[in-house]
Amino acid sequence: MKFDDLITELGEFGPYQQRLYFIVCLVGITAALQTLAGVFIQATPNHRCALPNLPNDTYASQGSWHDDLVNMSIPWDDDDEMYSQCNIKRHPSAWDNDTISCDKWVYSKDPFKSTFVSDVDLVCKDKHMVTYASMILMGGMLAGSLVMGILSDVFGRKKVLVLSTLGQFAAALGTAWAESYAVYVALRFFVTFFGIGTFLSAFVIGMELVGPSKRRIAGIVIEMFWCIGLFIETGIAYGIRDWSYFQITISMFNIVAAVIFALFLPESARWLLQKGRTQEAKKIVMKAAEVNGVELSEKAKNLENLEMDGHGEKIWHMLTHPVLLARSLIVFFNWLVASMVYYGLSLNAEALSGDIYLNFFLLAVVELASYVVCLVFLDIAGRKFLQCSSMVLGGVACVATLFPVIYGGEGHGWITLVLSLVGKFGASAGFAVIYVYSAELFPTVMRNSGMGLCSLCARIGGILSPYIADLKDVIGNDWGTALPLLIFGGLSVAAGVLVLFLPETSNKVLPDTVEDAKNFGRSKASNSNNYHLDSSEFYEEKGNDNPAFRMEKKL
């Protein structure tokens, strides 16, 4: 008997699993709050050079005398239709246009009372430092993916989940008191370093809690809690306009989550069995049976005889055959692009026309809608069609923003917003589908390592996204606004088209070995849909089996 047979006997998603799965999903809220907090705390308010001989200068007008002084001292920027943000006249005069750069600024207090950018003056010649801060944030996610997943396998899911949640709390809370750029980016690095540790550990626990036929649903539902986090973040940011107090507030969610995880979440029974801690695992299994109202068979109670999954072949064996190499590269490219576009559009909420809080809320709404669509149509439409159409839809929407930005007037900003929302919908749906799709494409014996490489590609895309999103500041003018969306859109379309060269996996017998993967999608037998998710004693194991996404023939 395998562990999934035990889960099936317990009930694939009984009351016990439902309760614990809800607890696990809380990590989606904390992860979303911290990962995208930069949209608000790194926002750049409207600003101009401070008047050198006026100690109490403010961005807001103090009266007609103040307006006259600003008119004589600050040059007018016709392109942006506002006072120059980086230059001041050498000699205050209505006729002297000789300017120099300034080293002190005043900032608008609407809509932000303060941001980290305004506190440390990351504007003008230093504005590129904001981009680097976002890239370092994504770098923390990359490093955490490499380290925390290993620690979770060594020390246990629960331990790493609790410690990572506390680590993220400490880094996030410390960020609120950061007074220098170096300290700020270092702390933000550890925010996502520990953050990805919480999400990976929670995701694995969630998958190990439920039966095989429920794992696709469970994998998408936890993403919906991420959206709940975005809604909460919108409300907090709208109510608290000072970035330090905002950061302190969202950090409190971590300490609450850590307490809940520590008190109410048991260790993964599957991990305990893999480590030989059978008695501890048996207590958890018997508790689950009691809550679910199930009487286990004697075979299920005898956990010492359960067959546990191994690690199998190495991932580079997938790169030794032209067909498998091509499929792997297409999958990796889709992960990279989906992550790049998702974070690029999410972090670019400030650049969209209209209110930043409304834009952020709408981006969260379309993301939630994309997950609902995936949940409903993932099996009906198939992975291939849904992944291709999602990426192409999002890509075309992003490319189409060229027309309202370049050729439209001020009243056409809403078109750019709508197209950006459609782009976010496509990227979010593509991100959700590619996870399931790639897990089914990799053969069983190397599925875990294959998914690890996919995650690595996603992190690389996340690191590149802030740089592309901030090209608007490098180029300026309307082309600077359109270029990031053109890049995101072109890559999305390319990724979606490449998916057409992948085989469909929905309702198919999934590959177990590299040899199976070579033949997958080529034979008529693989096109049969007479299969169901199950864990059966009649299953002929061709390799070390990870049945998380296994399809087996009905007998």
Side-chain angles (χ1 to χ4, degrees), residues 1-27 149 151-163 198 200-219 221-222 257 259-312 439 444 447-448 532-539 541 544-550 552:
M1 173 179 270
K2 291 181 176 292
F3 189 83
D4 276 357
D5 298 318
L6 172 62
I7 292 293
T8 302
E9 193 169 325
L10 278 173
E12 292 195 74
F13 199 50
Y16 181 80
Q17 291 103 316
Q18 292 172 19
R19 182 179 67 193
L20 296 186
Y21 182 73
F22 173 78
I23 294 174
V24 164
C25 284
L26 294 178
V27 78
L151 295 180
S152 177
D153 287 336
V154 174
F155 298 106
R157 319 310 193 201
K158 178 178 177 178
K159 288 187 181 69
V160 172
L161 175 58
V162 174
L163 292 176
T198 66
L200 288 175
S201 299
F203 196 93
V204 171
I205 291 176
M207 293 300 99
E208 292 177 343
L209 277 171
V210 302
S213 66
K214 304 297 182 183
R215 286 183 182 141
R216 291 180 181 85
I217 297 175
V221 169
I222 194 173
V259 172
I260 293 175
F261 296 151
L263 294 179
F264 302 108
L265 191 65
E267 182 55 86
S268 167
R270 186 190 292 263
W271 180 83
L272 290 171
L273 287 171
Q274 287 175 333
K275 296 299 180 180
R277 296 160 63 174
T278 308
Q279 292 305 313
E280 294 176 65
K282 189 170 185 177
K283 290 180 181 179
I284 296 173
V285 170
M286 297 309 295
K287 178 66 174 179
E290 178 186 350
V291 175
N292 289 351
V294 173
E295 181 63 35
L296 292 177
S297 65
E298 291 301 319
K299 190 177 182 180
K301 292 178 182 178
N302 191 9
L303 300 184
E304 291 83 356
N305 296 328
L306 281 182
E307 300 175 41
M308 299 308 298
D309 307 321
H311 294 289
T444 302
R447 187 162 291 137
N448 287 337
H532 69 126
L533 278 167
D534 192 17
S535 181
S536 168
E537 60 181 339
F538 300 107
Y539 179 76
E541 188 172 13
N544 291 322
D545 180 31
N546 176 358
F549 294 90
R550 186 172 68 215
E552 299 177 357

Legend entry - From OG1 (T278) to NZ (K283), nearest 0.5 Å: 12.5 Å
Inset, instruction - Answer yes or no: is there a side-chain heavy-atom contact under 4.5 Å between F13 and I217? - result: no
Inset, instruction - Look up atom NZ in K214 and atom CD1 in I7, then write down how far apart they are to the nearest 0.5 Å. - result: 13.5 Å
Inset, instruction - Kindly compute the distance separating SG (C25) from CD1 (I205), expressed to the nearest 0.5 Å. - result: 11.5 Å
Inset, instruction - To the nearest 0.5 Å, tell me how far R19 CZ sits from F264 CZ. - result: 9.5 Å
Inset, instruction - Check whether any side-chain heavy atom of Y21 lies under 4.5 Å from a side-chain heavy atom of I222, and answer yes or no. - result: yes
Inset, instruction - Please name the pair of heavy atoms, one in E9 and one in V294, separated by the smallest distance, quoted to 0.1 Å. - result: O-CG1, 3.3 Å
Inset, instruction - Report the residue from V160, L151, L163 that forms a side-chain contact (heavy atoms from CB on, under 4.5 Å) with S201. - result: V160
Inset, instruction - Please answer whether the main-chain N or O of A262 pairs with a side-chain N or O of K158 as donor and acceptor at a distance below 3.5 Å. - result: yes
Inset, instruction - State, to 0.1 Å, how close A202 and V24 come at their nearest heavy-atom pair, and which atoms those are. - result: O-CG1, 3.0 Å
Inset, instruction - Could you check if a side-chain atom of L265 sits within less than 4.5 angstrom of a side-chain atom of R157, using non-hydrogen atoms only? - result: no
Inset, instruction - Please name the pair of heavy atoms, one in A218 and one in V210, separated by the smallest distance, quoted to 0.1 Å. - result: CB-CG2, 4.1 Å
Inset, instruction - For residues F261 and I23, report the shortest heavy-atom separation together with the two atoms involved. - result: CE2-O, 3.2 Å
Legend entry - Minimum side-chain heavy-atom gap Y16-E290 below 4.5 Å: no
Inset, instruction - Evaluate the side-chain proximity of M286 to L296: yes if any heavy-atom separation is below 4.5 Å, no if none is. - result: yes
Legend entry - Minimum heavy-atom distance N292-G11, with the two atoms named: ND2-O, 4.3 Å
Inset, instruction - Would you name the heavy atoms of I284 and E267 that are closest together and state the gap between them? - result: CD1-O, 3.2 Å
